[in-house]
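To keep things clear, I will list the structure first and then write my remarks on it.
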Amino acid sequence: MTKFASIAVAALGAALLPAAGHAQTAPAPAATPAPAATSAAQTAPTAGATVFDGSGAEVGKIETISGGNAVVFTGTNRATIPLTSFGTSPKGPTLGMTRTELDAAAAQASAAAAGQIRAKIVPGAPVHGSAGAVLATVKQVNGDQVVLATAKGSAVSVPIAGIGANDQGLFVSMTQAEFDAAVAATAPAKTSK
């Protein structure tokens with residue numbers, strides 16, 4: 001007999017969310033031209049810097065910079081933006097988009113990415129962990145939940161939002177040990193007779 005458990009979103013929300021799901025790529029905004037006299041500190045965006053639009057209104061803050069891209073958090077969305085898309089102003093780094101425009105672009109990119117991932121979530125598809133090992137396979141999709149069949153014969157339900165896709169296919173941001181512990185924690189308690 002197969003055990004069926006449900007991994008609660010609140011308990012594992014951050015652990016299940018794919019890393020790539022956090023930083024959605026927005027279309028590259030037009031760079032704002034730099035004024036003639038800018039200091040060296042103003043020419044390169046840095047983590048923690050506030051980003052402004054061409055009119056000087058705040059767009060968001062740069063959370064991280066990696067691989068030629070910056071993740072800008074608007075307070076609503078995170079968008080991965082090429083460093084080459086930033087301009088400078090006396091206030092700091094600038095983008096050719098307002099906060100509203102960047103939020104709209106990030107939401108659109110997120111919806112497109114979610115649609116591409118959903119199309120890959122089909123029965124029998126393997127789901128990898130963060131170390132690359134196959135943790136489970138997709139058994140079925142129930143609305144916004146995916147039932148995964150584990151190698152040990154258990155079934156566990158996870159939110160679709162907790163599944164990402166990369167070069168290997170579907171993945172969750174958990175190691176085998178973390179996944180096994182989560183499945184064990186959601187199993188119904190055994191009662192003695």
**OP:** Report the C-alpha separation of Val72 and Leu102 in whole Å, then their side-chain angles, then the decisive distance to 0.1 Å, and conclude whether the side-chain contact (heavy atoms from CB on, under 4.5 Å) test is met.
**Re:** CA-CA 9 Å; Val72 176; Leu102 185 57; 4.2 Å; yes
Subject >> Derivation of the side-chain contact (heavy atoms from CB on, under 4.5 Å) call for Val127 and Val138 >> reply: CA-CA 7 Å; Val127 179; Val138 174; 3.9 Å; yes
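One finds the CD atom of Gln140 at 8.5 Å from the OG atom of Ser157 (value rounded to the nearest 0.5 Å). With values rounded to the nearest 0.5 angstrom, Glu178 atom CD is found 6.0 Å from Ser130 atom OG. One distance of note links CG of Leu170 with CD1 of Ile121; it measures 5.5 Å at 0.5 Å rounding. Put simply, CZ on Arg99 and CG on Asn77 are 10.5 Å apart, with the number rounded to the nearest 0.5 Å.
Side-chain contact annotation: Asp103 with Thr74, donor-acceptor N/O pair under 3.5 Å present. For the residue pair Glu58 and Thr50, no side-chain donor N or O sits within less than 3.5 Å of a side-chain acceptor on the partner.
Counting heavy atoms from C-beta on, the side chains of Ile62 and Val71 never come closer than 4.5 Å. Side-chain contact between Val146 and Ile163: present, with at least one pair of heavy atoms (C-beta onward) separated by less than 4.5 Å. Residues Ile160 and Val141 are in side-chain contact: their nearest non-hydrogen atoms beyond the backbone lie under 4.5 Å apart. By the 4.5 Å heavy-atom criterion applied to side chains, Glu63 and Phe73 are counted as neighbours. In this structure the side chain of Leu95 reaches within 4.5 angstrom of the side chain of Phe86, judged on heavy atoms. Here the side chains of Phe179 and Leu148 are in contact, with some heavy-atom distance below 4.5 Å.
In this structure a side-chain-to-backbone donor-acceptor pair under 3.5 Å is present from Asp53 to Gly56. Checked by atom type and distance alone, the side chain of Thr46 never pairs as donor or acceptor with a backbone atom of Ala49 at under 3.5 Å. Thr88 places no side-chain N or O within donor-acceptor distance of the main-chain N or O of Gly92, the cut-off being under 3.5 Å. For the pair Gln145 (side chain) and Asn142 (backbone), a donor-acceptor distance under 3.5 Å is absent.
A pairwise comparison of heavy atoms in Met97 and Ala105 identifies CE-CB, 3.9 Å as the closest pair. Heavy-atom minimum distance, Val59 versus Thr98: CG2-C, 4.3 Å. Ala47 and Ile65 make their closest contact through N-CD1, 3.7 Å (heavy atoms, listed as atom of the first residue, atom of the second, distance). The minimum heavy-atom distance linking Ala106 with Arg78 is given by the pair CB-O, 4.1 Å.
Of the residues Thr150, Val156, Val172, the one that meets the side chain to side chain contact (heavy atoms under 4.5 Å, CB included) test with Leu135 is Val172.
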Distance-only donor-acceptor hits, side chain of residues 113-120, under 3.5 Å, sequence neighbours excluded:
residue	atom	partner	partner atom	Å
Arg118	NH2	Asp144	OD1	2.6

